[in-house]
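Okay, structure first, notes after.
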Amino acid sequence: MRKGYLVAGIMTLALLLPGGQEGACAIDFKARGLWQVGFGVNVNSLAEKQGDTRLNNPISNDKFKARQRVRLWLDAIVSENLSGALNFEIGHQRWGQASTGAALGADGNIIKLRQAYIDWQIPDTGIQTRMGIQNLTLPQAAGESNILADKSVAGIVTSWQVNENFGITGMWLRPYNDNYTGKNAGYLDNLDLFVLSLPIQTGALKMTPWVMLGMQGRNTFKVPNDHGGYNYVFTGYDGGNLVGSLGSVPFGNVNQPHSTSKTYGELFWGALPLTLDLAPWRFEFEFDYGYAAPMGRYSVEEILHGVHYGTQSASTERQGWLVKALAEYKFDWGVPGIFGWYSSGDDGNLKNGSERLPFLYAQTNFTSMLGDATCLYGGIGGNDRSMSFDGTWGLGLRIKDISFIEGVQHLIRATWIQGTNDPSMVKYAAFLSRGVSDPCIAWQGVPDTLDYYLTRNDNLLEFNLHTVVNIYENLKMGVEFGYVVNMLDKDTWKRPDDTTFSKTDMWVADVVFTYSF
């Protein structure tokens, strides 16, 4: 809390300084901000009971939630060639929750640093450089990035616009380092990424082919436990776990002991996002491929109908692909469109690893309850669950920017989602989901992630209705209704131990107020 007062004091002092002072060191300070307050009711689990036992909601058992968040930016600008930026976030704060500083007295250590970087141009060149902790999304089209989207990461990004049609961007990113505290602490625990992208624009066509190479140390995700061993779990951001999204374990229990003689494992991604704007038509398309090299093997048991059928030696290798597309047409009254995607899924055999696309942090704006296209402020009711297209295909229709009254816009959307993972993968569920109401992973969501694991027998149908009202120039109100029809296959998921599940549909109703300046 004392640190929070200190930060607030520094920012206040900076804002009081006069901008544009005379002299070589004149600095113009500018402040930006975003206040968000929301209220919602929801059911965000697909399972209600396992046998006679009522299951806990994976995010919160409260159906009603009230939350808020504040984001503040401070820009220190010398010229167009040199500036710096800080971005703090206060929240999310659940009203009444002490740990997030929203209980009586509002006393909590909840200030987060989201960005801290400098922007500068190499003298006498057009080469722009950003150094520090920055919010980053890899080049994408048709539904945001399924590899790295809208997340803070430390690194250097350098770009050069060669001419009006062609540019070059290079990045070095360091998501993890110096987190390993076991024997030889800090040794071989870095994860480094190197990106090269080529933005190209010719008339109506824009495309940005890119590749990313990575190196993952064998100790990157090792965390010492209380028994003298190690857990392979590292939750480096809210609602995600890279051990799960880069490895082969399908059901969230990523703490599978394994070892390797390799010092580093190779990572590779390549993508081609493109946009064709032929007003009033607009088309978007993207193809992604990813590979994460094996870092040892782990033992996994096959269990069906409560019977143990043997133990396999599973590979930690993971590689897969994704294709997604969007087509829309702009009318005066709105923009109707059709979108879809298809992602590779597991083949039913962990001895050869996973066939799903590895990723760092995925998001999608195709859906809101099973995605991140929420109304103004995601997660008020804890409803945005699945951010990744991994192991699924989908097809949707939407109409956005519907407006019959000035200052009021609507969006309607319907999306069909089905798994692409082999149904025989459930033979691993009772073993790999131990302690997580096993084995109903598809029903509750994968622990430590925001994803469901869907087989080809599992289907979901999501409906969304959003309305945004411009109350003032800087104040908006968003109203969201969402519903997910639960068509997961009970016969498939009862096979591991003949457990009976009581399923439920998901739904949400939110109202959100956003003030920005």
Side-chain angles (χ1 to χ4, degrees), residues 42-50 55 57-59 142-144 146 239 250-252 322-324 326 338-346 356-357 362-375 378-379 381-398 411-423 425-426 429 433 437 439-447 449-466 480-494 501-510:
N42 76 306
V43 171
N44 57 20
S45 174
L46 295 170
E48 189 172 32
K49 287 185 178 180
Q50 177 185 355
L55 298 174
N57 196 310
I59 298 179
E144 293 189 275
N146 199 79
F251 303 122
L322 165 68
V323 61
K324 49 196 176 89
L326 165 70
I338 182 172
F339 57 88
W341 71 90
Y342 191 97
S343 177
S344 58
D346 288 332
R356 290 166 292 141
L357 176 70
Q363 287 192 176
T364 171
N365 59 20
F366 281 163
T367 56
S368 60
M369 291 193 68
L370 301 174
D372 196 44
T374 51
C375 193
N383 55 294
D384 49 345
R385 290 298 313 280
S386 177
M387 301 291 191
S388 170
F389 289 128
D390 266 22
T392 67
W393 72 270
L395 185 64
L397 298 172
R398 77 182 185 191
L411 175 148
I412 57 175
R413 181 170 49 207
T415 310
W416 172 270
I417 302 172
Q418 184 172 5
T420 60
N421 297 299
D422 194 287
M425 286 295 293
V426 300
S433 62
S437 298
C440 57
I441 292 299
W443 300 79
Q444 286 195 286
V446 179
T449 76
L450 293 171
D451 301 318
Y452 292 105
Y453 189 90
L454 304 182
T455 74
R456 291 192 296 269
N457 295 338
D458 300 313
N459 306 290
L460 299 170
L461 179 60
E462 177 172 341
F463 298 96
N464 307 127
L465 172 61
H466 296 179
E480 174 183 352
F481 298 98
Y483 198 94
V484 175
V485 182
N486 183 349
M487 292 178 282
L488 300 182
D489 188 65
K490 295 176 70 173
D491 290 336
T492 296
W493 289 97
K494 70 179 292 185
F501 304 108
S502 174
K503 69 177 184 179
T504 182
D505 294 340
M506 292 172 54
W507 57 268
V508 65
D510 285 345

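Keep in mind that the numbers below use all heavy atoms, side chains included, and drop hydrogens, waters and symmetry copies.
Side-chain N/O atoms of Q418 and T392 include no donor and acceptor closer than 3.5 Å. Side-chain contact annotation: N464 with Y483, donor-acceptor N/O pair under 3.5 Å absent. A side-chain donor-acceptor contact under 3.5 Å links W493 and D458. Side-chain contact of N365 with Q363: a donor-acceptor pair under 3.5 Å is absent, judged by distance alone.
Between the side chain of N421 and the backbone N or O of L454, at least one donor-acceptor pair lies under 3.5 Å. Within the 3.5 Å criterion, the main-chain N or O of N486 finds a donor-acceptor partner in the side chain of K503. With S344 contributing its side chain and R356 its backbone, the two residues share no donor-acceptor pair below 3.5 Å. No donor-acceptor distance shorter than 3.5 angstrom exists from the side chain of D489 to the backbone of N457, with no hydrogens or angles considered. Without hydrogens or angle criteria, T367 side chain to L370 main chain gives a donor-acceptor distance under 3.5 Å.
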Inset, instruction - Decide yes or no on side-chain contact (heavy atoms from CB on, under 4.5 Å) for R413 and H466, but give the supporting numbers first. - result: CA-CA 9 Å; R413 181 170 49 207; H466 296 179; 3.4 Å; yes

Inset, instruction - Show your reasoning for whether side-chain contact (heavy atoms from CB on, under 4.5 Å) applies to V484 and W507. - result: CA-CA 6 Å; V484 175; W507 57 268; over 6 Å; no

Inset, instruction - Start with the C-alpha distance between N459 and L488, add both sets of side-chain angles, then the distance that settles side-chain contact (heavy atoms from CB on, under 4.5 Å), and finish with yes or no. - result: CA-CA 5 Å; N459 306 290; L488 300 182; over 6 Å; no

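Atom CH2 of W393 is separated from atom OG1 of T420 by 10.5 Å, given to the nearest 0.5 angstrom. Between the OG1 atom of T455 and the CG atom of D422 there is a distance of 8.0 Å, given to the nearest 0.5 Å.
With contacts defined as side-chain heavy-atom distances shorter than 4.5 Å, the pair F481/F463 does not qualify. For the pair F339/R398, a side-chain contact is recorded, criterion being any heavy-atom separation below 4.5 Å from C-beta on. Under the 4.5 Å side-chain criterion, counting only non-hydrogen atoms from C-beta, L460 is not in contact with M487. Contact check for E480 versus L465: no side-chain heavy atoms found under the 4.5 Å cut-off. Counting only heavy atoms from C-beta outward, the side chains of L322 and K324 approach each other to under 4.5 Å.
For the pair R456 and P423, the tightest heavy-atom approach, listed with the atom from each and the gap, is NH2-CD, 3.6 Å. Nearest heavy atoms, P250 versus D346: CB-OD2, 4.1 Å. Taking both residues in full, the closest heavy atoms of V508 and D510 are given as CG2-OD1, 3.5 Å, listed atom of the first, atom of the second, then distance. Summarising the geometry of G391 relative to S343, their closest heavy-atom pair is N-OG, 3.6 Å, with the distance given to 0.1 Å. When all heavy atoms of M369 and V43 are compared, the closest pair comes out as CE-O, 4.4 Å. The two residues G371 and T364 have their closest heavy-atom pair at CA-CG2, 3.6 Å.
Below 30°, between 30° and 60°, or above 60°: for F366 and F389 the angle between ring planes is between 30° and 60°, a tilted geometry.
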